[in-house]
Amino acid sequence: MSDDILQRLMAVLASRKGAEPDSSYVASLYDKGLDAILKKIGEESTETIIAAKSGDKQQIVYETADLWFHCLVMLAQQNLDARLVLEELERRFGVSGVDEKAAREQSK
């Protein structure tokens with residue numbers, strides 16, 4: 001089910017790329033450009049943090065959904081398939097976080 005919703009969201013986000021800005025929220029974000037999308041990610045990140053601090057589990061889920069959605073918009077705007085993020089997470093699965101961070105530091 002979760003892969004299905006991701007596929008459906010990616011299809012909708014792709015279809016909004018050529019849409020008129022006044023026809024959808026996503027089309028309006030694309031029209032405003034990357035900075036507007038990143039601003040929304042920042043706002044949603046802050047709201048997610050506030051929800052987590054409040055301990056309201058329903059609000060945490062709601063705000064996290066907003067944050068993830070806007071991250072998907074950013075990926076689509078950058079012509080990146082969201083599955084690439086899932087592949088990266090899968091690559092990291094079973095790797096110690098300490099080892100992963102050390103490997104990233106060595107590659108810099």
Side-chain angles (χ1 to χ4, degrees):
M1 181 168 123
S2 60
D3 190 49
D4 179 54
I5 191 66
L6 181 61
Q7 296 300 319
R8 288 173 33 212
L9 274 169
M10 287 171 30
V12 168
L13 295 175
S15 74
R16 297 297 194 265
K17 280 191 171 184
E20 290 296 318
D22 59 352
S23 68
S24 82
Y25 172 69
V26 172
S28 73
L29 282 176
Y30 288 148
D31 185 61
K32 292 174 187 171
L34 182 60
D35 285 348
I37 295 167
L38 297 177
K39 182 178 178 187
K40 283 303 298 179
I41 291 172
E43 289 171 7
E44 298 303 341
S45 177
T46 299
E47 290 171 4
T48 302
I49 292 166
I50 292 168
K53 293 289 282 179
S54 78
D56 182 336
K57 295 191 184 316
Q58 184 176 359
Q59 197 64 24
I60 294 168
V61 170
Y62 180 87
E63 296 300 345
T64 301
D66 280 352
L67 175 59
W68 287 9
F69 176 80
H70 287 89
C71 287
L72 290 172
V73 171
M74 184 246 339
L75 290 169
Q77 190 269 348
Q78 295 288 304
N79 297 315
L80 291 167
D81 191 310
R83 289 174 290 204
L84 294 170
V85 176
L86 297 178
E87 289 171 7
E88 177 60 18
L89 289 171
E90 185 174 8
R91 184 191 69 77
R92 294 179 187 185
F93 194 82
V95 176
S96 159
V98 171
D99 293 341
E100 173 66 23
K101 185 173 180 180
R104 279 185 281 149
E105 291 299 319
Q106 287 178 357
S107 69
K108 288 183 180 179

Next on the checklist: Among residues at least two apart in sequence or on other chains, which ones pass ring-ring contact (aromatic ring centres under 6.0 Å, His included) with Tyr25?
Outcome noted: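 Partners of Tyr25 under the ring-ring contact (aromatic ring centres under 6.0 Å, His included) test: His70.
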Pairwise distance [atom1]([X]) to [atom2]([Y]) - rounded to 0.5 angstrom:
X: Ser24; Y: Asp31; atom1: OG; atom2: CG; value: 10.5 Å
X: Ile49; Y: Ser54; atom1: CD1; atom2: OG; value: 12.5 Å
X: Leu89; Y: Leu84; atom1: CG; atom2: CG; value: 11.0 Å

Is there a path of hydrophobic side-chain contacts, each under 4.5 Å between heavy atoms, that joins [X] and [Y]?
X: Trp68; Y: Ile50; result: no
X: Ile5; Y: Leu86; result: yes
X: Leu6; Y: Val12; result: no

Next on the checklist: So Val26 and Phe69, do their side chains get closer than 4.5 Å, heavy atoms only?
Outcome noted: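 Side chain of Phe69 against side chain of Val26, heavy atoms only: contact under 4.5 Å found.
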Item to check | Exam field: side chain Tyr30 to backbone Gly18, donor-acceptor pair closer than 3.5 Å | outcome: no
Closest approach of [X] to [Y] (non-hydrogen atoms, all atoms of both residues):
X: Ser23; Y: Ala27; answer: OG-CB, 4.3 Å
X: Leu75; Y: Ala82; answer: CD1-CA, 4.1 Å
X: Ile60; Y: Thr64; answer: O-OG1, 2.7 Å
X: Ala76; Y: Lys17; answer: O-NZ, 2.5 Å
X: Leu67; Y: Thr48; answer: CB-OG1, 3.8 Å
X: Pro21; Y: Ser28; answer: O-CB, 3.3 Å

Checklist entry - Hey, are Glu88 and Arg92 close enough for a salt bridge, meaning a charged N less than 4.0 Å from a carboxylate O? => result yes
Item to check | Enclosure of Glu20 CD (heavy-atom neighbours >12, cutoff 6.0 Å) | outcome: no
Checklist entry - What do the steps show when you test Leu13 against Leu72 for side-chain contact (heavy atoms from CB on, under 4.5 Å), and what is the final call? => result CA-CA 8 Å; Leu13 295 175; Leu72 290 172; 3.7 Å; yes
Please tabulate, one pair per line, all N/O donor-acceptor pairs under 3.5 Å involving side-chain atoms of residues 38-45, not counting sequence neighbours.
from: Lys40; atom 1: NZ; to: Glu43; atom 2: OE1; distance (Å): 3.2
from: Lys40; atom 1: NZ; to: Glu44; atom 2: OE2; distance (Å): 3.4

Checklist entry - Listed by chain and number, what are the side-chain hydrogen bond (donor to acceptor under 3.5 Å, both in side chains) partners of Gln59, not counting sequence neighbours? => result Glu63
Next on the checklist: One pair to check against side-chain contact (heavy atoms from CB on, under 4.5 Å): Met74 and Leu80. What are the steps and the verdict?
Outcome noted: CA-CA 9 Å; Met74 184 246 339; Leu80 291 167; over 6 Å; no
